[in-house]
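By convention in this document, chain letters (A, B, ...) are assigned in the order of the sequence lines, proteins followed by strands, and residues within each chain are numbered from 1. All values below were derived from every heavy atom in this structure, side-chain atoms included, with hydrogens, water molecules and symmetry-related copies excluded.
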There are 2 protein chains.
Amino acid sequence: MTDQAGRDREAVSKFVEGFAAQLVEAGMQRMPARVFAALLASDDGVLTSAELGEQLRISPAAVSGAVRYLSQTHMVSREREPGSRRERYRVHSDQWYEALTNREAILKRWAYALREGVENLGADTPAGRRLAETQAFFEFIDGEISLMMDRWRVHRDQVFGEGRRPAEDP
Amino acid sequence: MTDQAGRDREAVSKFVEGFAAQLVEAGMQRMPARVFAALLASDDGVLTSAELGEQLRISPAAVSGAVRYLSQTHMVSREREPGSRRERYRVHSDQWYEALTNREAILKRWAYALREGVENLGADTPAGRRLAETQAFFEFIDGEISLMMDRWRVHRDQVFGEGRRPAEDP
DNA sequence: CCTTAACTTCACAAATTTCTGAAAGAAGCG
DNA sequence: CGCTTCTTTCAGAAATTTGTGAAGTTAAGG
């Protein structure tokens with residue numbers, strides 16, 4: 001029962017494809033999106049490369065590419081069980097949406113490009129002022145996001161209970 | 001001087017292409033990104049279709065497509081000066097990043113897909129619980145974002161001064 | 001060590017996306 | 001009203017992206 005055995009494959013697949021489609025809509029590549037959704041919908045949040053390939057009907061190469069992207073962006077972590085050559089990919093509930101909000105790296109680059117623009121166009125020009133305000137916006141957001149995540153953790157512990165966290169890795 | 005005349009075209013172009021590249025990196029299509037960056041860097045935040053085409057070296061068709069996307073996502077508004085058949089496209093500083101955070105629509109769709117997943121997989125299964133927590137996260141974020149924008153407006157008025165707003169449309 | 005099971009990399013074919021020129025469609029202006 | 005100027009739509013060429021099979025690489029286990 002800890003495996004796919006007793007589960008409604010139809011329902012899982014429907015969720016996986018539907019949620020992946022939404023992720024794609026938001027700009028994520030197709031394969032990473034599908035792999036990620038599959039992990040989210042798995043019982044333990046862990047699947048092997050072979051399981052992913054079979055469930056999604058994609059080649060090992062596709063799994064490899066998708067997982068590389070997902071681990072680079074810290075949405076999924078890879079583990080290898082000692083004494084096996086199977087690799088296992090895991091989604092940690094907390095870790096992954098922390099990663100999602102770590103578009104911070106992107107915000108930083110935007111802010112940098114804008115600062116350059118202000119310098120080159122002149123801070124006293126209309127365009128320069130517009131860019132400066134935009135830059136200030138991103139810096140503001142950047143700071144707010146980490147505060148928001150702090151509040152989320154408090155909120156989550158209130159709603160879902162605090163004791164559950166260590167149980168996630170059985 | 002209110003036109004491109006006295007401006008450093010080189011500097012403008014450098015900013016436009018650099019910032020557009022960052023937007024593309026974050027998932028925006030190329031042409032919308034370039035058009036948007038060009039508007040940001042323009043003196044009045046307003047450019048005509050022809051000006052955009054000339055500055056970016058793209059066809060009228062490309063401008064049309066890019067602008068359609070940008071106005072659908074409320075990042076740019078289109079106006080037609082009465083008595084002219086030239087259309088003008090404007091970026092309102094405030095309006096556009098409000099639009100950016102209005103990924104709310106996306107968050108809503110994600111939350112919906114997740115809720116369906118919880119129902120179909122069962123709220124009492126491990127996967128169901130994971131999905132439920134993720135759903136709760138997005139709902140939390142969704143609420144926080146509008147509060148954050150409120151704080152931003154206060155912050156902005158403190159830093160940039162309050163009186164400047166009506167001056168934006170001379 | 002050699003074998004074998006697994007993952008990764010690479011070159012290419014297929015599918016998709018992107019941008020253009022050309023034609024069609026609006027809307028001012030005489 | 002018809003001419004003219006601008007914008008939009010559309011079909012297709014070009015470029016990019018995507019996913020695969022096959023070869024290459026790593027590491028476990030005899």
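At whole-Å resolution of the value, CD in A:Q29 and P in C:dT17 are 13 Å apart. In this structure, A:E81 places its CD atom 13 Å from C1' of D:dA28, rounding to the nearest Å. Rounded to whole Å, the distance from CG on A:L56 to C1' on D:dT18 is 15 Å. Atom CZ in B:R88 sits roughly 15 Å away from atom P in D:dC6 (whole-Å rounding). Rounded to whole Å, atom P of C:dC7 lies 7 Å from atom CD of A:E87. One can place CZ of A:R86 at 17 Å from P of C:dT4, the figure rounded to the nearest angstrom. Taking atom OH on B:Y89 and atom P on D:dC6, their separation rounds to 12 Å, with Å as the unit. In this structure, CG of A:L52 is placed 14 Å from C1' of C:dA6, rounded to the nearest angstrom.
For B:R68, the side-chain contact (heavy atoms from CB on, under 4.5 Å) partners two or more places apart in sequence, or in a different chain, are B:Q72. For A:V67, the side-chain contact (heavy atoms from CB on, under 4.5 Å) partners at least two apart in sequence or on another chain are A:V35, A:V63, A:R78, A:Y89.
Listed for the B:R90 side chain is no donor-acceptor partner under 3.5 Å among the backbone atoms of B:L39. Checking side-chain atoms of B:R34 against main-chain N and O of B:A20 turns up no donor-acceptor pair under 3.5 Å.
Backbone-only engagement by B:R78 is indicated by non-hydrogen atom pairs under 4.0 Å involving sugar-phosphate atoms exclusively. Across all strands shown, A:R34 has no heavy atoms under 4.0 Å from either base or sugar-phosphate atoms.
The only member of B:H74, B:R153, B:H92 that meets side chain to side chain donor-acceptor pair (under 3.5 Å) when paired with B:E98 is B:R153.
Using cut-offs of 30° and 60° for the angle between ring planes, the A:F140 and B:W152 rings count as tilted.
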## Note on the structure
Nucleotide by nucleotide, nucleotides 19-30 of chain C touches protein heavy atoms under 4.0 Å in the pattern (B base, S sugar-phosphate only, - none) SBB-----SBS-
